[in-house]
Amino acid sequence: MSKKNRLGLPRGIRDISPDKYELYLWLLDRFRAICNKYNYKVMEPATLEFFETLSLKSGPDIANEIYEFKDKADRHLGLRFDLTVGLTRYVTSHPELPKPIRLAAYSVQWRYDEPQFGRYRSFYAWDIEIYGGNEIYSSAEVILLVDKLLKSIGLKHYEIRISDRRLVENVIKYFSPNGNVPAIMRALDKWGKIDKSEIISLINRAGGDNIDDMLSLLFESKESDFLSIINKFGGKILEKVYAILKDDLSVDRVRLDPSIVRGLDYYDGIVFEVKSKKGVEIGSIVGGGSFSKLVSLFGGDMNAFGAAGGVERLLLALEKEGVKIDLKKPPLVLVIPLEEELITYSIKLSEKLRDLSNARIESPVLYRSLKKYLQYANKITADYVIFIGKAEASTGKIKLRDMNKRMEYTVSIEEAAEILSKEKD
RNA sequence: GCCGCGGUAGCUCAGCUUGGCAGAGCGCUCGGCUGUGGACCGAGAGGUCGAGGGUUCAAGUCCCUCCCGCGGCCCCA
């Protein structure tokens with residue numbers, strides 16, 4: 001602590017402290033459990049790709065939004081900005097894989113954005129994909145799985161909103177045959193986020209016509225009317241997916257919402273988003289959809305449907321809802337030698353206790369006063385300490401102190417192990 | 001890439017308006033006598049005031065550039 005040693009980090013990049021990382025691992029455990037149940041294989045796609053591969057998703061403009069650079073051999077590379085591209089490259093370069101292919105990933109990715117609330121330049125995401133299924137059933141399964149995941153981590157206030165880009169596109173073309181479809185879509189995507197009048201002026205600028213009629217059809221119809229209207233615009237697939245989720249699988253969180261178009265690029269069919277109703281300001285916590293076109297850009301020919309979500313945002317949403325995350329850990333024990341010569345004996349004894357119980361045990365790596373050791377025990381919130389003095393070493397018994405109850409027991413190692421194996425309350 | 005607000009001890013911050021000796025609380029280390037802890041009491045260590053440049057007799061304080069943080073836009077997780 002004597003010398004100043006202040007090393008910075010690049011913008012938007014940070015350490016994840018042990019406390020925080022425990023939450024990431026807890027979420028990973030939940031995610032893996034669900035993946036196992038539905039037999040999605042978890043893998044780690046490549047972190048670094050050729051820029052050309054990454055730009056297949058969104059065009060060369062993606063360069064502004066990602067980490068992209070030349071390596072020493074002048075190769076144009078980029079850090080992955082999502083997990084889907086890597087998984088899709090993996091699948092299309094392994095045509096021998098039996099279909100349908102269910103894959104998942106949980107890892108870090110990078111984006112060259114300005115950092116702001118809930119957003120960093122490197123962040124964790126989870127991702128699941130089905131390749132080679134039928135769009136209707138794949139989307140129903142993926143959305144079901146998303147619902148299960150959110151339920152299993154204790155999230156309560158969320159809505160799954162689904163739509164179909166083809167349907168929305170047809171509606172736009174019907175009302176505005178000469179309009180700029182992507183621009184109008186982007187405007188529709190803002191429904192509920194900005195004023196209706198601003199949306200209208202955005203659509204106006206994109207050459208849209210009959211704007212009021214279009215908006216009221218998309219956003220102000222009753223659900224029953226809406227279902228009959230969408231058939232006219234090619235909404236059969238959406239209707240079917242909705243029915244499976246709602247009626248057959250009882251996913252009651254699902255809603256039809258044509259403002260969900262997932263902005264731009266590679267989605268081309270059913271799309272969906274999950275929003276936390278208690279944390280609108282962190283945007284959507286899960287997004288996904290059908291992306292067969294991306295697969296074909298990679299040289300494959302099959303439907304693909306997936307979902308992905310930001311780990312940080314999901315944890316923020318849980319925090320916002322006040323969900324208590326139970327990290328259930330066995331008791332923490334600190335073994336304290338009362339004489340310097342007893343350190344080795346203490347280490348040996350710690351090892352024995354680790355074999356006999358499931359407790360977390362810290363053995364000594366230095367000698368210091370008993371007072372210091374007890375203060376340290378408080379700081380690491382040890383549940384128990386074990387004193388090893390001359391008397392204990394000679395009898396083979398140990399003195400176990402319950403730090404909360406301030407009680408001490410002189411017991412055999414086996415008896416101590418039994419006490420320590422009880423769940424912490 | 002653009003806009004706003006910040007950056008002073010390990011942490012949270014005061015000092016900046018109006019230039020004049022570097023501060024507080026918490027934390028840390030040591031001690032309150034040697035096999036019993038948290039709140040107590042005493043002492044101490046710890047700072048190129050984010051970095052570089054400029055103005056000035058003199059800059060933490062005023063000016064410029066850059067970096068980093070927190071937010072907003074764009075885009076998105």
Side-chain angles (χ1 to χ4, degrees), chain A residues 1-14 17 27 57-59 61-66 80-84 105-127 146 182 186 189-190 193-194 198 202 261-267 273-276 279 281-288 306-317 334 336-340 342 367-393 398-408 410:
Chain A
M1 205 191 275
S2 53
K3 221 175 165 188
K4 184 156 177 171
N5 187 17
R6 182 178 293 167
L7 299 175
L9 279 172
R11 192 162 170 77
I13 307 293
R14 75 240 143 89
S17 64
L27 187 57
K57 176 176 168 178
S58 314
D61 288 347
I62 193 78
N64 299 323
E65 286 160 39
I66 71 174
R80 68 178 174 205
F81 57 86
D82 75 2
L83 300 168
T84 306
Y106 184 102
S107 197
V108 69
Q109 51 190 259
W110 295 265
R111 285 193 198 169
Y112 202 84
D113 270 332
E114 288 307 312
Q116 52 188 277
F117 184 67
R119 282 169 64 163
Y120 310 96
R121 283 186 173 180
S122 83
F123 57 97
Y124 272 73
W126 57 268
D127 190 306
V146 167
R186 207 167 309 174
D189 191 50
K190 302 241 186 293
K193 292 174 199 159
I194 62 175
E198 289 177 67
L202 278 174
V261 289
R262 305 284 307 141
L264 7 70
D265 32 47
Y266 61 51
Y267 292 110
E273 244 173 60
V274 180
K275 300 200 179 194
S276 165
E281 55 280 15
I282 54 173
S284 61
I285 49 178
V286 181
V311 168
E312 287 82 0
R313 280 191 185 184
L314 202 47
L315 293 174
L316 270 172
L334 178 67
I336 301 177
L338 299 174
E339 315 275 343
E340 185 152 18
L342 293 171
Y367 179 70
R368 57 180 164 194
S369 72
L370 177 54
K371 182 174 179 168
K372 280 272 133 27
Y373 257 127
L374 285 168
Q375 285 172 354
Y376 174 71
N378 285 327
K379 269 174 202 145
I380 64 171
T381 62
D383 300 293
Y384 295 93
V385 299
I386 289 172
F387 300 114
I388 303 297
K390 282 185 185 136
E392 288 78 12
I398 60 177
K399 198 185 257 185
L400 180 70
R401 178 175 178 84
D402 185 319
M403 292 296 280
N404 302 314
K405 293 182 186 157
R406 290 169 168 271
M407 303 264 283
E408 283 179 15
T410 302

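From a predicted model like this one, the values you see are computed outputs, not experimental measurements. Within every chain, numbering begins at 1; the chains are lettered A, B, ... in the order of the sequence lines, protein sequences first and strands thereafter.
- Using a 4.5 Å heavy-atom threshold, the side chains of A:K399 and A:V385 count as separate.
- For B:rU36, there is no paired base (Watson-Crick or G-U wobble, both distances below 3.5 Å).
- Comparing B:rG35, B:rC76, B:rC73 by their nearest atom to the side chain of A:E114 picks out B:rC73.
- Out of B:rC2, B:rC76, B:rG71, the shortest distance to the side chain of A:Q116 is found at B:rG71.
- Distance CG (A:D113) to P (B:rG1): 11 Å, rounded to an integer number of Å.
- Taking the P atoms as reference points, B:rG37 lies 16 Å from B:rC30, given to the whole Å.
- On the C1' atoms, B:rU65 is 27 Å away from B:rG20, given to the nearest whole Å.
- Taking atom CG of residue A:L370 and atom P of nucleotide B:rG38, one finds them 11 Å apart after rounding to whole Å.
- Contact of A:R406 with B:rU36 (side chain to base): no donor-acceptor pair of N or O atoms is detected under 3.5 Å.
- Every residue two or more places apart in sequence or in another chain that forms a side chain to side chain donor-acceptor pair (under 3.5 Å) with A:R11 is listed here: A:E114.
- Nucleic acid contact class of A:Y124 (heavy atoms, under 4.0 Å, all strands): none.
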Atom pairs under 3.5 Å: protein N/O with N/O of nucleotides 65-68 of chain B:
{"from": "B:rC68", "atom 1": "OP1", "to": "A:R11", "atom 2": "N", "distance (Å)": "3.2"}

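- Distance from the side chain of A:A391 is smallest to B:rG35 among B:rA77, B:rG35, B:rG1.
- Here the separation of B:rC40 from B:rC2, taken at their P atoms, is 50 Å to the nearest Å.
- Taking atom P on both nucleotides, B:rG15 is separated from B:rG23 by 16 Å, rounded to a whole Å.
- Side chain of A:M403, nearest nucleotide from B:rG37, B:rG35, B:rA77: B:rG37.
- By the ring pair (Phe, Tyr, Trp, His ring centres under 6.0 Å) test, A:Y384 pairs with no residue at all, sequence neighbours left out.
- Following rounding to the nearest Å, A:L374 (CG) and B:rG37 (C1') show an atom-to-atom distance of 5 Å.
- If you check every strand for non-hydrogen atoms under 4.0 Å, A:E408 touches a base.
- As the counterpart of B:rC62, B:rG54 is assigned, both hydrogen-bonding distances of the Watson-Crick or G-U wobble pattern falling under 3.5 Å.
- Between A:I336 atom CD1 and A:R401 atom CZ the span is 9.5 Å, to the nearest 0.5 Å.
- Of the candidate nucleotides B:rG37, B:rG71, B:rC70, B:rG71 has the atom lying nearest to any side-chain atom of A:F117.
- Distance from the side chain of A:Y112 is smallest for B:rG1 among the nucleotides B:rA77, B:rG1, B:rU36.
- Residues satisfying the side-chain contact (heavy atoms from CB on, under 4.5 Å) criterion with A:N64, sequence neighbours excluded, are absent altogether.
- Between A:I66 atom CD1 and B:rC74 atom C1' there is a gap of 17 Å when expressed in whole angstrom units.
- Partners of A:A391 according to the side-chain contact (heavy atoms from CB on, under 4.5 Å) rule, which considers only residues two or more places apart in sequence or in another chain, do not exist here.
- Here the nucleotide nearest the side chain of A:K190, chosen from B:rA77, B:rG38, B:rC75, is B:rC75.
- Rounded to whole Å, the separation between the P atoms of B:rG25 and B:rA9 comes to 16 Å.
- The distance from atom CD of A:E408 to atom CD1 of A:I386, rounded to the nearest 0.5 Å, is 11.5 Å.
- Comparing the same atom, P, in B:rG27 and in B:rG38 gives a spacing of 12 Å after rounding to whole Å.
- The listed nucleotides are B:rG35, B:rC76, B:rC75; the one nearest the side chain of A:R186 is B:rC75.
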Restricting both atoms to N or O, compile the protein contacts to nucleotides 29-31 of chain B shorter than 3.5 Å, with distance only.
{"from": "B:rC30", "atom 1": "OP2", "to": "A:K372", "atom 2": "NZ", "distance (Å)": "3.3"}

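- Every residue meeting the side chain to side chain donor-acceptor pair (under 3.5 Å) condition with A:Y376, not counting sequence neighbours, appears here in chain and number order: A:E362.
- Between A:F387 and A:L374 there is a side-chain heavy-atom pair separated by less than 4.5 Å.
- In this structure, the side-chain contact (heavy atoms from CB on, under 4.5 Å) partners of A:A307, at least two apart in sequence or on a different chain, are A:W126, A:I128, A:V142, A:V146, A:F272, A:V286.
- The separation between A:N64 atom CG and B:rC76 atom P is 13 Å, rounded to whole Å.
- As rounded to the nearest Å, B:rU61 and B:rG50 have P atoms that lie 8 Å from one another.
- Here the C1' atom of nucleotide B:rC73 and the CD atom of A:E198 are 12 Å apart, to the nearest Å.
- Distance check on atom P: B:rC5 versus B:rA45 gives 39 Å, rounded to whole Å.
- Rounded to whole Å, atom C1' of B:rC70 lies 14 Å from atom CZ of A:R119.
- Between atom OG1 of residue A:T381 and atom CG of residue A:L334 there is a gap of 11.0 Å, rounded to the nearest 0.5 Å.
- B:rG44 and B:rC28 make up a base pair, with Watson-Crick or G-U wobble contacts both under 3.5 Å.
- Both A:G389 and A:N404 lie close to RNA chain B; mapped to their nearest nucleotides by heavy-atom distance, the more 5′-ward contact belongs to A:G389.
- For A:F123 and B:rA77, the ring-to-base geometry satisfies the stacking test (centroid distance below 5.5 Å, interplanar angle below 30°).
- Pairing for B:rC5 is with B:rG69, a Watson-Crick or G-U wobble pair whose two hydrogen-bonding atom distances lie under 3.5 Å.
- Rounded to an integer number of Å, the gap from A:I285 CD1 to B:rC76 P is 18 Å.
- Partners of A:F123 by side-chain contact (heavy atoms from CB on, under 4.5 Å), not counting sequence neighbours, listed by chain and number: A:Q109, A:R111, A:E312.
- Map A:F387 and A:G309 each onto its nearest nucleotide of RNA chain B; the residue landing nearer the 5' end is A:F387.
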